[in-house]
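A short write-up of the structure that comes next.
Below, chains carry the letters A, B, ... as their sequence lines are ordered, and counting in each starts from 1.
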Protein chains: 2
Amino acid sequence: MEDHLYMQIVRRLEQDILSGMYGPSDMLPSENTLAARFNVSRVTIRKSLDILKNNGLITAMHGKGYFIKPPQHNRYSFNFDSNTGVDFSHFQKVEIIYPDAETMAALNISADRRVVAFHRVQERAWTPVAYDEKFVPYERGMPTVEIEIKYAEFPELLSARHSPFLLKGSIEIDIAVPPDYVAKALDVPPDKPMLVMRRFLRNRDGVPYGFGRNFLTREFGPVTAESGYSLTHKF
Amino acid sequence: MEDHLYMQIVRRLEQDILSGMYGPSDMLPSENTLAARFNVSRVTIRKSLDILKNNGLITAMHGKGYFIKPPQHNRYSFNFDSNTGVDFSHFQKVEIIYPDAETMAALNISADRRVVAFHRVQERAWTPVAYDEKFVPYERGMPTVEIEIKYAEFPELLSARHSPFLLKGSIEIDIAVPPDYVAKALDVPPDKPMLVMRRFLRNRDGVPYGFGRNFLTREFGPVTAESGYSLTHKF
DNA sequence: AAGTGGTCTAGACCACTTC
DNA sequence: AAGTGGTCTAGACCACTTT
């Protein structure tokens, strides 16, 4: 338990709000009222209210007051670890190849430019549930493939060589027929569409740095995302 | 342009960090140093640093200092509006029906309990690209279907009747064969799997309040999500 | 001991809203 | 004019890390 004043107040107000003490779009007591009630300075109250604001419980209106805010259900977020829902990551191979059409487009490179490809099968309970492949443009003077293996993570591989904090990531969740080698490795029938997560890493100027595909079997299950408040503690 | 001191400082530090002035896991100058440099009080500097902290650019270590934080690419978020990527929402019908197996499970109700179902086809450029259906347990004393129509949004419908700030939302993105009436309405071949987003609304105790399915055609495109810093302004 | 971030205070002034 | 949130200050004390 945190024993800081502002945290106590945050938890207290959280409880009050979630318990329905205030109706939707009701007003909270003013900063000065709250400061007096909790016997703290206005600065401390403001710190508490700031946290509630950031967590989406309330919004402040200048000159009016603080209002209860219904949870927003239009922004969803989910974790992607390339390890979530996976017991074991069976490394397949690293190779330097000419990219397929999709990889070419994703990395914005021409057909004669080769890429380093990392392949692995992801298992759960000794059953393959996903296939993950990552592509990085191959550059002369790159460390040998053997050395790359220990950087086989993505984007960690890139972080080691480029300014990591310049990178922006995005994911596209789609449905696609996997390449034959993926279907074979996952032991699923070919020509059957699968859930696929395409990952893109770009720098701030939009220049692609890496591209990855993650094919998920039925056993893997759906991709799940959540919305609503973020609370400082559970009830 | 904001002319507040703390915002000027935030933008300035953002630029410095993103331009690569500090290496990864480098230290920022101390609060006192920054306060002196920008000629503001320590409180103001802390407010600026707090914002950078919340946006994921830095982390503070007690007794040590502030450190540049590489962007995290394991948490992704996306918008779901049931209107994004859609021009026009063609309302199909509202009906009170007995639920299918999936809806029964999602709403945790028995087979003899009826549900109110809302159907609509979502179009882009006069072409159907998605089918959206929502299910709510039917209760005696509910307003008539005609009245419900104006609440045909989801979860707004529920918000009006239940404590809205008690609701938690989640989405499952999956691949599924649509029901015949969906395939027909979207003019896609039956028995072909589609991208589907299942939406769940529960209260804080996990009790289901609403369930929805959103079938996306190939024309709709992938679901896209983003990771990385959240910046206070664009460069 | 010196430096760092973390908490908290009392008070000033401003901008906005309501009466 | 009174009340509200928003910005900013100077200063105190604490907890943690380094030297």
Side-chain angles (χ1 to χ4, degrees), chain A residues 1-14 16-17 21-70 165 230 232-233, chain B residues 1-14 16-17 21-70 165 230 232-233:
Chain A
M1 270 298 180
E2 302 281 346
D3 55 347
H4 298 300
L5 290 176
Y6 74 90
M7 255 311 173
Q8 290 176 32
I9 297 171
V10 166
R11 281 198 302 271
R12 175 67 185 285
L13 292 175
E14 258 182 9
D16 290 351
I17 292 171
M21 169 180 292
Y22 307 100
S25 70
D26 242 11
M27 262 187 65
L28 237 54
S30 75
E31 293 180 351
N32 285 320
T33 308
L34 288 171
R37 175 182 306 172
F38 290 111
N39 225 319
V40 296
S41 76
R42 190 179 154 221
V43 184
T44 301
I45 282 292
R46 279 185 64 81
K47 175 150 188 169
S48 302
L49 293 172
D50 242 41
I51 293 175
L52 293 176
K53 220 194 300 177
N54 285 332
N55 290 351
L57 299 210
I58 59 176
T59 92
M61 297 189 71
H62 197 170
K64 291 186 179 172
Y66 288 90
F67 294 82
I68 309 293
K69 185 174 157 190
F165 40 84
S230 68
T232 57
H233 79 303
Chain B
M1 271 296 181
E2 301 282 346
D3 54 348
H4 296 303
L5 289 177
Y6 74 90
M7 254 311 171
Q8 291 176 30
I9 296 171
V10 165
R11 282 198 303 270
R12 176 68 185 282
L13 291 176
E14 257 181 10
D16 289 353
I17 291 171
M21 169 179 295
Y22 306 101
S25 71
D26 243 9
M27 264 188 62
L28 236 54
S30 76
E31 293 180 351
N32 285 321
T33 308
L34 288 171
R37 176 181 306 173
F38 289 111
N39 226 318
V40 296
S41 76
R42 190 176 155 225
V43 184
T44 301
I45 282 293
R46 279 184 64 81
K47 174 149 189 172
S48 301
L49 293 173
D50 243 41
I51 293 176
L52 293 177
K53 220 195 299 178
N54 286 332
N55 290 351
L57 299 209
I58 60 177
T59 90
M61 300 190 70
H62 197 169
K64 292 186 179 173
Y66 288 90
F67 294 83
I68 307 294
K69 185 173 158 192
F165 41 83
S230 70
T232 56
H233 78 303

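In summary, of the residues considered (N55(A), I51(A), D50(A), L57(A)), a side-chain contact (heavy atoms from CB on, under 4.5 Å) with K53(A) occurs for D50(A) alone.
Rounded to whole angstrom, the span from the CZ atom of F38(B) across to the C1' atom of dT7(D) amounts to 17 Å. Distance L34(A) CG to dG5(D) P: 8 Å, rounded to the nearest Å. Between the CD atom of E31(A) and the C1' atom of dG6(D) there is a distance of 8 Å, rounded to whole Å. Rounded to whole angstrom, the span from the NZ atom of K53(B) across to the P atom of dG5(C) amounts to 10 Å. Here the P atom of nucleotide dG5(D) and the CG atom of L52(A) are 13 Å apart, to the nearest Å. One atom, CZ of F67(A), and another, C1' of dT17(C), lie 10 Å apart when rounded to the nearest Å. The distance from atom CE of M61(B) to atom P of dC16(D) is 13 Å, rounded to the nearest whole Å. When the C1' atom of dG5(C) is taken as reference, atom CG of D50(B) falls 11 Å away, rounded to whole Å.
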Contact list (N/O, under 3.5 angstrom) for nucleotides 8-15 of chain D vs protein:
from    : atom 1 : to     : atom 2 : distance (Å)
dC8(D)  : OP1    : L5(B)  : N      : 2.6
dC8(D)  : OP2    : Y6(B)  : N      : 3.3
dT9(D)  : OP2    : S41(B) : N      : 2.9
dT9(D)  : OP2    : S41(B) : OG     : 2.9
dT9(D)  : OP2    : T44(B) : OG1    : 2.4
dA15(D) : N3     : H62(B) : NE2    : 2.8

Subject >> Check against side chain to side chain contact (heavy atoms under 4.5 Å, CB included), L34(A) and I9(A) >> reply: CA-CA 9 Å; L34(A) 288 171; I9(A) 297 171; over 6 Å; no

Subject >> Worked check of side chain to side chain contact (heavy atoms under 4.5 Å, CB included) between L49(B) and L28(B) >> reply: CA-CA 10 Å; L49(B) 293 173; L28(B) 236 54; 3.8 Å; yes

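Atom OG of residue S41(A) and atom NZ of residue K47(A) lie 11.0 Å apart, to the nearest 0.5 angstrom. Rounded to the nearest 0.5 Å, atoms CE (M27(A)) and OH (Y66(A)) are 11.0 Å apart. Rounded to the nearest 0.5 Å, atoms OG (S48(B)) and CD (Q8(B)) are 9.5 Å apart. Expressed to the nearest 0.5 Å, how far OG1 of T232(B) lies from CG of L52(B) amounts to 7.5 Å.
For the side-chain hydrogen bond (donor to acceptor under 3.5 Å, both in side chains) condition, no pair includes a residue of residues 56-65 of chain A, sequence neighbours left out.
Residues M21(A) and I17(A) are not in side-chain contact: their nearest non-hydrogen atoms beyond the backbone lie 4.5 Å or more apart.
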Original post:
If pairs are Watson-Crick or G-U with both distances under 3.5 Å, what is the dot-bracket string of DNA chain D, marking crossing pairs with [ ] and pairs to another strand with |?
Top reply: ||||||||||||||||||.

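Regarding contacts with the backbone of dG6(D), a side-chain N or O of Y66(A) is found under 4.0 angstrom from either OP1 or OP2.
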